[in-house]
**Student:** 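First the structure, then my questions, so here it is.
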Amino acid sequence: MEILANVLVALVAALHVYILVMEMFLWQKKPGMSFHGFDREMARATAAMAGNQGLYNGFLAAGLVWGLVAGDPTGFRAQVFFLVCVIVAGVYGAVTANVRILAAQALPGALALAAVLAAQ
């Protein structure tokens with residue numbers, strides 16, 4: 001179960017690195033604009049906000065990677081903390097921005113958290 005938990009945590013971290021890249025570096029390019037369905041003008045108007053969001057996603061990814069490489073109990077605690085942050089951010093995003101965020105962010109975080117807790 002520990003291997004499954006580590007794989008799921010790594011996948012959630014990779015998802016947040018992907019979001020970081022899309023929001024910080026590709027937001028005004030074709031992949032970034034299609035990420036949220038924005039036209040060039042909307043992408044330009046929201047680029048600073050997207051960059052800020054991307055940075056926060058990077059912090060989530062960094063925390064999850066820290067949880068994977070740190071020894072226990074620190075690694076376990078870091079994984080739980082950052083996965084809860086991912087879930088809260090996903091639920092908030094689903095309520096305030098787009099319900100798809102629930103499946104794209106909160107659900108993977110919840111599955112990883114369940115695996116991490118079950119592995120203990």
Side-chain angles (χ1 to χ4, degrees):
M1 187 56 134
E2 185 177 347
I3 293 171
L4 175 63
N6 288 341
V7 168
L8 291 176
V9 170
L11 288 172
V12 173
L15 170 66
H16 285 275
V17 169
Y18 170 76
I19 295 169
L20 173 147
V21 170
M22 295 302 277
E23 292 179 340
M24 290 188 78
F25 304 110
L26 300 177
W27 191 256
Q28 295 186 67
K29 295 176 176 44
K30 186 172 176 140
M33 288 188 294
S34 64
F35 188 65
H36 283 292
F38 289 164
D39 61 19
R40 188 167 302 284
E41 175 137 347
M42 180 62 92
R44 189 175 306 121
T46 58
M49 177 199 64
N52 190 46
Q53 290 175 184
L55 185 62
Y56 283 99
N57 279 287
F59 290 140
L60 291 173
L64 291 171
V65 170
W66 172 43
L68 286 171
V69 300
D72 285 334
T74 302
F76 169 75
R77 291 174 180 161
Q79 288 179 35
V80 170
F81 174 78
F82 283 98
L83 288 169
V84 168
C85 290
V86 165
I87 295 164
V88 170
V91 170
Y92 184 80
V95 170
T96 61
N98 189 322
V99 73
R100 292 181 308 159
I101 297 171
L102 197 61
Q105 183 175 355
L107 180 60
L111 293 173
L113 179 60
V116 166
L117 294 173
Q120 281 298 295

**Student:** Applying the 4.5 Å side-chain criterion to the ILVMFWY set and letting contacts propagate, would V17 and L11 be lumped into a single cluster?
**Tutor:** no
**Student:** Identify the heavy atoms of L113 and I87 that sit nearest to each other, and give their distance.
**Tutor:** CD2-CD1, 3.8 Å
**Student:** Do L107 and V95 sit in one hydrophobic cluster, given that two such residues count as connected whenever their side-chain heavy atoms are within less than 4.5 Å of each other, even indirectly?
**Tutor:**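 No: no chain of side-chain contacts under 4.5 Å links L107 to V95.
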**Student:** Restricting to side-chain hydrogen bond (donor to acceptor under 3.5 Å, both in side chains), what partner residues turn up for E23, sequence neighbours left out?
**Tutor:**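 Once residues adjacent in sequence are excluded, the partners of E23 under the side-chain hydrogen bond (donor to acceptor under 3.5 Å, both in side chains) criterion are Q53, N57.
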**Student:** Which atoms form the tightest heavy-atom contact between P31 and M22, and what is the distance?
**Tutor:**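 For P31 and M22, the tightest heavy-atom pair comes out as O-CE, 3.0 Å.
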**Student:** Any ring-ring contact (aromatic ring centres under 6.0 Å, His included) involving residues 71-98? Give me the pairs, sequence neighbours left out, ordered by first then second residue.
**Tutor:** none
**Student:** Could you report the tightest heavy-atom contact between A118 and M1, atom names first, then the distance?
**Tutor:**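 Minimum heavy-atom contact is CB-CE, 3.6 Å.
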**Student:** Atom CD1 in I101, atom CD1 in I19: separation rounded to 0.5 Å?
**Tutor:**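 It comes to 8.5 Å.
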**Student:** Count the heavy atoms belonging to other residues, nucleotides or ligands that lie under 6.0 Å from CD of E2, then report whether that count exceeds 12.
**Tutor:** no
**Student:** When rounded to the nearest 0.5 angstrom, what distance separates CG in L83 from CG in L60?
**Tutor:** 9.5 Å
**Student:** Using the rule that Ile, Leu, Val, Met, Phe, Trp and Tyr join whenever any side-chain heavy atoms are under 4.5 Å apart, tell me whether L117 and L64 fall into a single cluster.
**Tutor:** yes
**Student:** Can you name the closest pair of heavy atoms from A115 and L8 and give their distance?
**Tutor:**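 Closest approach of A115 to L8: CB-CD1, 3.8 Å.
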**Student:** Does Y18 have any ring pair (Phe, Tyr, Trp, His ring centres under 6.0 Å) partners at least two apart in sequence or in another chain, and if so, which?
**Tutor:**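 By the ring pair (Phe, Tyr, Trp, His ring centres under 6.0 Å) rule, Y18 matches F35.
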**Student:** How many angstroms lie between atom NZ of K29 and atom CZ of R40, to the nearest 0.5 angstrom?
**Tutor:** 9.5 Å
**Student:** Working to the nearest 0.5 angstrom, can you tell me the gap between W27 CH2 and R44 CZ?
**Tutor:** 14.0 Å
**Student:** With a 4.5 Å cut-off on side-chain heavy atoms, are L68 and Q79 touching?
**Tutor:** yes
**Student:** Write down the atom of L55, the atom of M24, and the distance for their closest heavy-atom approach.
**Tutor:**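 Taking every non-hydrogen atom into account, N-SD, 3.6 Å.
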**Student:** Please name the pair of heavy atoms, one in A13 and one in V65, separated by the smallest distance, quoted to 0.1 Å.
**Tutor:** CB-CG2, 4.1 Å
**Student:** For M42, is the CE atom crowded, meaning more than 12 foreign heavy atoms sit under 6.0 Å from it?
**Tutor:**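 At most 12 heavy atoms, drawn from other residues, nucleotides or ligands, come within 6.0 Å of this atom.
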**Student:** State plainly whether one hydrophobic cluster holds both V84 and V12, where clusters connect Ile, Leu, Val, Met, Phe, Trp and Tyr through side-chain heavy atoms under 4.5 angstrom apart.
**Tutor:**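 Yes, it is one cluster - the side chains of V84 and V12 are joined through contacts under 4.5 Å.
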**Student:** Going hydrophobic residue to hydrophobic residue with side-chain gaps under 4.5 angstrom, can you get from V86 over to Y56?
**Tutor:** no
**Student:** Give, for atom CG of L4 and atom CG of L111, the distance between the pair rounded to the nearest 0.5 Å.
**Tutor:** 9.5 Å
